[in-house]
Visitor: 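Dumping the structure here so I can ask a few things about it.
So that the names make sense, note that chain A is the first sequence line, chain B the second, and so on, each numbered from 1. Source: prediction; values computed, not measured.
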2 protein chains.
Amino acid sequence: MGRRNDHTRKELKEMAIKAGVELIEERGFQNFSIRKVAAKIGYSAGTLYNVFENSDDLVFHINSVTLDDLQNYIETKLDQELKGVEAIKRMGDRYIEFAHEYNSRWNALFEYRRPLDSELPQWYLLKLNSLFAIVEKLLLPFVHGDIESAKRVAKVLWGGVHGICSLGLTQRMGQDGTELLKTLANSLIENYISGLTQAKE
Amino acid sequence: MGRRNDHTRKELKEMAIKAGVELIEERGFQNFSIRKVAAKIGYSAGTLYNVFENSDDLVFHINSVTLDDLQNYIETKLDQELKGVEAIKRMGDRYIEFAHEYNSRWNALFEYRRPLDSELPQWYLLKLNSLFAIVEKLLLPFVHGDIESAKRVAKVLWGGVHGICSLGLTQRMGQDGTELLKTLANSLIENYISGLTQAKE
DNA sequence: ACCTGAACACCGTTCAAGT
DNA sequence: ACCTGAACACCGTTCAAGT
């Protein structure tokens, strides 16, 4: 036993995150464990504690990769031609598609339901922020450029679409498939914005 | 060891569910285990396997109690005077209050994020249905009495409010308190319905 | 028939001891 | 300095054996 020095700290971290992503993807989050990740990369479990605070910390890093992939998925498939409400509806569609296609990893994003007082890591919150920012930008025209309003509206829409997707994919609204969920999300986006702009005039 | 027959099967089941509710309430879902529930009621863990299929089955029964409490919480606090949109907005408020007040149990409701193909128990789905039914009934006037439309709109609204509540309470939209979350949910309900009825005319 | 306790195959986490 | 393996305190689940 003892030092091997096969990999740098940084390499180790990357290997573990990659292995974790694969483990969740292949076998679902229920089968995830820090011990399995260690086995997958050929190290002992203890070693991962040199590199991550604990199991939660590793999961947050895995989730961070998933958020990057999600952002990428949404942005690259977002037709630049689309404007305004249509663009936001397309984003909703992409979110639901991603959640369906990468279901285990998307689930992992929300596994950490902690007591109210527990906090998410700061760097993780920043990453979430940049997802919200995409919608905020698209919303500016509807709120006369007021960034605070855009932020609020973005929360309503992301929250709303996420909720429909979440209850839908976990079978809590019946047997609805992704197509219906997209329809519901589109309905939410379209009518909410329509109601909002109506009221302002 | 051996038979005690202190309690009937039914009593045992009720004791376990009650103990589970308390355990989650007091120490959070992370600290829940079927072994702790067994200890709490003075039986061995094995005994609970005579009465529940497995740990998941016990959790579903605990969640069932939570859904009853939620329905009760919403209905008893729902001012009978309120009509239409105002009544639905009040429901959203109550949902968020409940999720905040009984946060651990509310969290437990959504812990079971399983692979897409796993199914929730039939009796549990029926219970969820009766929650949706409350909103559907309130929505009928807005959709010219069309029950299918009411069902769709109810999914959008429950989903939407749940999503705002879920992302909000788990700190995924920032540091927003329940008051702001209620405002967001109200905005969703009001403007969505407004947009919806506008479009129909 | 009902219940227990031990057993099995796992967890996350810590840390003395080895190189 | 880095890494391991054993240890600790847990899990969910099964089942032979006891009353």
Visitor: Asn50(B) CG to dT13(D) P: how many Å, rounded?
Guide: 14 Å
Visitor: Honestly, is Arg172(A) close enough over Phe110(B), meaning NZ or CZ under 6.0 Å from the six-membered ring centre and within 45° of the axis?
Guide: no
Visitor: For the residue pair Tyr124(A) and His61(A), is the inter-centroid distance of their aromatic rings smaller than 6.0 Å?
Guide: no
Visitor: If you measure from the Lys or Arg side-chain nitrogens to the Asp or Glu carboxylate oxygens, is any gap between Lys151(B) and Glu148(B) under 4.0 Å?
Guide: no
Visitor: Using whole Å, report how far CD1 of Ile41(A) lies from P of dC2(D).
Guide: 15 Å
Visitor: Enumerate all atom pairs, one protein N or O and one N or O from nucleotides 9-12 of chain C, separated by less than 3.5 Å.
Guide:
from: dC11(C); atom 1: OP1; to: Ser33(A); atom 2: OG; distance (Å): 3.4
from: dC11(C); atom 1: OP1; to: Lys36(A); atom 2: NZ; distance (Å): 3.2
from: dG12(C); atom 1: OP1; to: Ile34(A); atom 2: N; distance (Å): 3.1
from: dG12(C); atom 1: OP2; to: Ile34(A); atom 2: N; distance (Å): 3.4
from: dG12(C); atom 1: OP2; to: Arg35(A); atom 2: N; distance (Å): 3.3
from: dG12(C); atom 1: N7; to: Arg35(A); atom 2: NH1; distance (Å): 2.4
from: dG12(C); atom 1: O6; to: Arg35(A); atom 2: NH1; distance (Å): 2.8

Visitor: With a 4.0 Å limit, can you tell me whether Arg4(B) has a side-chain N or O closer than that to the phosphate oxygens OP1/OP2 of dT4(C)?
Guide: yes
Visitor: Please identify which of these residues, Leu184(B), Val161(B), Val135(B), meets the side-chain contact (heavy atoms from CB on, under 4.5 Å) condition with Ile189(B).
Guide: Val161(B)
Visitor: Is the Tyr192(A)-Tyr192(B) ring centre distance short of 6.0 angstrom?
Guide: no
Visitor: How many whole angstroms separate atom CZ of Arg9(A) from atom P of dC2(D)?
Guide: 8 Å
Visitor: Check this for me: does any side-chain nitrogen of one of Arg94(A) and Glu75(A) sit under 4.0 Å from a carboxylate oxygen of the other?
Guide: no
Visitor: With a 4.0 Å cutoff (strictly under), does any side-chain N or O of Tyr43(B) reach OP1 or OP2 of dC3(C)?
Guide: yes
Visitor: State which residue, out of Leu167(A), Ile96(A), Asn186(A), fulfils the side-chain contact (heavy atoms from CB on, under 4.5 Å) condition with Leu181(A).
Guide: Ile96(A)
Visitor: If only side-chain N and O atoms of Ser44(B) are considered, is one of them under 4.0 Å from the OP1 or OP2 phosphate oxygen of dT4(C)?
Guide: yes
Visitor: Please state how far atom CG in Asn5(A) lies from atom P in dT4(D), giving the value in whole angstrom units.
Guide: 12 Å
Visitor: Give me the atom names and distance for the closest heavy-atom approach of Phe32(A) to Ser55(A).
Guide: CE2-OG, 4.1 Å
Visitor: Could you tell me the separation between the CG atom of Leu48(A) and the P atom of dG5(D), rounded to a whole number of Å?
Guide: 14 Å
Visitor: Return the stems involving DNA chain D, sorted by first number, where pairs are Watson-Crick (N1-N3 with N6-O4 or O6-N4) or G-U wobble (N1-O2 and O6-N3), both under 3.5 Å, and runs are 3 or more long.
Guide: C:4-8 with D:12-16, C:12-16 with D:4-8
Visitor: I want to check one thing: is the phosphate of dC2(D), taken as OP1 and OP2, less than 4.0 Å away from some side-chain N or O of Thr47(A)?
Guide: no
Visitor: Could you check whether Glu86(B) pairs with Arg90(B) (Lys NZ or Arg NE/NH1/NH2 to Asp/Glu carboxylate O, under 4.0 Å)?
Guide: no
